[in-house]
Amino acid sequence: MATRWGICGAGKISHDFSVAMKTLPPGDHQIAVIASRSLERSKEFAKKHGIPKAYGSYEELANDPDIDIVYLGVLHTEHWRVGLLFLKAGKNVLCEKPFAMNSRQVKDLVTAAKKNNVFLMEVRTHGRWRKWRTVVINCCSGETPLAMVLGCLFCPFQAIWSRCFPVHAEVRRLLAEEAVGELKLVKAYFGSPQLHIPRSVEKELGGGALLDIGVYCLQFILMVFNGERPESIQATGVLLDSGVDESVVVVMKFSRNRMAFCAFSIAARLPNDAVIAGTKGSIKVLGPMHCPTTLVVNDKEMKYPLPEPCLPLNFTNSTGLCYEAEEVRQCLLKGLKESPRMPLADSVLLTEIMDEIRKQVGVAFSQDSQ
């Protein structure tokens with residue numbers, strides 16, 4: 001029986017997700033519902049993608065008994081509220097990055113998922129910025145008045161999808177086999193000029209380099225260190241006048257004298273790659289490291305091509321969204337309530353690390369005092 005998906009938000013990202021789903025066997029995955037704040041917009045999207053049902057509110061989707069999972073991709077500031085709406089309605093949820101604005105909100109979501117015995121997984125995705133970006137699935141997708149006025153909707157969209165990519169699966173296998181010897185140092189970089197986009201720099205919209213793109217570097221490091229909590233975190237950064245971080249450098253020390261370094265910026269273009277260095281060699285994930293197709297192991301290059309799309313895409317390597325969709329299906333079939341590729345404990349730890357980085361750099365959101 002096909003896994004029945006509910007998509008909220010009729011924007012560019014949900015378009016790409018729908019296209020990616022078409023690369024999977026139709027007997028395994030079905031987009032059953034599209035929901036947005038505009039019924040007209042939902043109907044238009046449904047017609048384009050062959051989706052049988054369209055709603056004009058998120059509450060209707062929350063009350064639909066005929067879906068298996070909701071893909072949640074609202075603005076950073078809305079993840080907590082909208083996520084709780086679906087979890088309390090007994091819906092499985094795939095939530096876009098960042099899980100929430102701080103670790104307290106993340107723990108609320110995890111608690112709600114466990115209380116209601118439903119599946120919950122965080123995804124980390126990112127596409128390239130365009131003039132009109134859409135926050136994917138669940139709410140906004142270009143429909144919130146403020147976002148429409150600003151014309152800068154943000155679409156976090158290739159999720160933990162990072163951890164579901166074949167490249168990252170191969171990285172985990174190589175590390176398990178100690179292909180580069182004893183792990184010593186991990187480096188990750190992500191920089192994309194976005195200062196011209198209001199959504200990226202406004203504090204009330206959850207802007208800043210850390211929440212937008214720094215999470216990819218940090219989640220990669222946590223994956224390499226198998227979810228281990230760092231012994232120390234040292235962060236420094238440059239803030240914009242709006243009070244969010246423009247550029248940040250983070251150094252972390254792990255057990256057995258192992259180190260990790262990452263740099264991310266919404267002002268500068270960086271290589272967007274990652275390197276794992278050991279006593280016997282190195283593993284390099286070529287850019288874009290958050291949705292990679294090329295891996296270099298001890299100077300040997302390996303390619304992992306993506307499925308071809310049936311329609312034009314809005315964002316880089318979007319068909320890779322199919323990997324996270326299949327990961328969710330496999331988890332649901334096994335009765336799992338979280339993914340072993342992105343355990344909830346990793347999401348909580350990641351957000352706690354981000355809280356500490358923000359504290360050291362000097363970034364505070366209103367949600368921190370609520």
Side-chain angles (χ1 to χ4, degrees), residues 76 96-99 103 122-129 154 156-165 167-168 171-172 175 183-194 200 206-230 232-238 244-254 258-277 282-292 294-295 316-317 341-342 346-361 363:
H76 300 164
E96 276 297 343
K97 66 84 186 166
F99 226 159
S103 58
E122 179 186 14
V123 298
R124 318 200 160 303
T125 62
H126 192 274
R128 298 188 180 186
W129 286 93
F154 173 70
F157 110 95
Q158 295 140 353
I160 82 153
W161 77 323
S162 296
R163 293 199 180 186
C164 294
F165 268 63
V167 165
H168 284 165
V171 168
R172 291 191 296 272
L175 290 173
L183 177 63
K184 287 296 183 180
L185 178 68
V186 180
K187 299 187 296 181
Y189 304 89
F190 200 151
S192 175
Q194 300 173 8
S200 188
L210 177 62
L211 294 188
D212 272 0
I213 58 181
V215 293
Y216 301 112
C217 299
L218 295 171
Q219 77 85 19
F220 181 83
I221 290 170
L222 286 184
M223 181 191 74
V224 173
F225 284 98
N226 200 28
E228 179 181 328
R229 184 179 295 274
S232 66
I233 303 170
Q234 294 179 311
T236 186
V238 176
V244 302
D245 51 304
E246 173 203 277
S247 302
V248 178
V249 173
V250 181
V251 178
M252 293 183 284
K253 182 179 179 181
F254 290 83
R258 297 171 299 167
M259 301 289 292
F261 170 90
C262 64
F264 40 91
S265 173
I266 54 174
R269 190 172 302 281
L270 296 175
N272 296 358
D273 58 14
V275 177
I276 303 167
S282 65
I283 300 170
K284 186 172 184 179
V285 179
L286 300 187
M289 56 87 71
H290 62 288
C291 51
T294 306
L295 187 66
T316 305
N317 292 352
R341 295 195 183 189
M342 189 64 191
D346 275 20
S347 292
V348 172
L349 174 58
L350 175 66
T351 315
E352 289 175 341
I353 291 173
M354 293 169 67
D355 285 353
E356 177 61 25
I357 292 171
R358 288 197 294 112
K359 179 180 178 182
Q360 292 187 26
V361 174
V363 176

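Scope of the values below: all heavy atoms of this structure, side chains included, with no hydrogens, waters or symmetry mates.
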Return yes when atom CD of E228 has more than 12 non-hydrogen atoms of other residues, nucleotides or ligands closer than 6.0 Å, and no otherwise. yes
Check: [Y] and [X] side chains under 4.5 Å, non-hydrogen atoms:
X    : Y    : value
K284 : L286 : yes
H168 : F220 : yes
I283 : V275 : no
E352 : L349 : yes

For L218 and L210: C-alpha separation, side-chain torsions, deciding distance, then whether side chain to side chain contact (heavy atoms under 4.5 Å, CB included) applies. CA-CA 9 Å; L218 295 171; L210 177 62; 3.8 Å; yes
Rounded to the nearest 0.5 Å, what separation is found between the [atom1] atom of [X] and the [atom2] atom of [Y]?
X    : Y    : atom1 : atom2 : result
C217 : L270 : SG    : CG    : 8.5 Å
F254 : L222 : CZ    : CG    : 6.0 Å
S232 : M252 : OG    : CE    : 9.5 Å
N272 : I213 : CG    : CD1   : 7.5 Å
F190 : D212 : CZ    : CG    : 9.5 Å
I221 : R258 : CD1   : CZ    : 12.5 Å

Minimal non-hydrogen separation, [X] against [Y], with atom names:
X    : Y    : value
Q219 : L350 : N-CD1, 4.0 Å
S103 : D355 : OG-OD2, 2.7 Å
V250 : A235 : CG2-CB, 4.1 Å
N317 : C291 : ND2-O, 2.8 Å
M223 : R172 : SD-NH1, 3.5 Å
I353 : P230 : CD1-CD, 3.8 Å

One pair to check against side chain to side chain contact (heavy atoms under 4.5 Å, CB included): F264 and V215. What are the steps and the verdict? CA-CA 9 Å; F264 40 91; V215 293; over 6 Å; no
Where the side chain of D273 meets the backbone of A188, is there a donor-acceptor pair that is under 3.5 Å apart? no
Got a donor-acceptor contact below 3.5 angstrom from the D245 side chain to the G208 backbone? no
Apply side chain to side chain contact (heavy atoms under 4.5 Å, CB included) to the pair T236 and V248, showing each step before the final yes or no. CA-CA 6 Å; T236 186; V248 178; over 6 Å; no
For S247 and S265, does a side-chain donor sit closer than 3.5 Å to a side-chain acceptor? yes
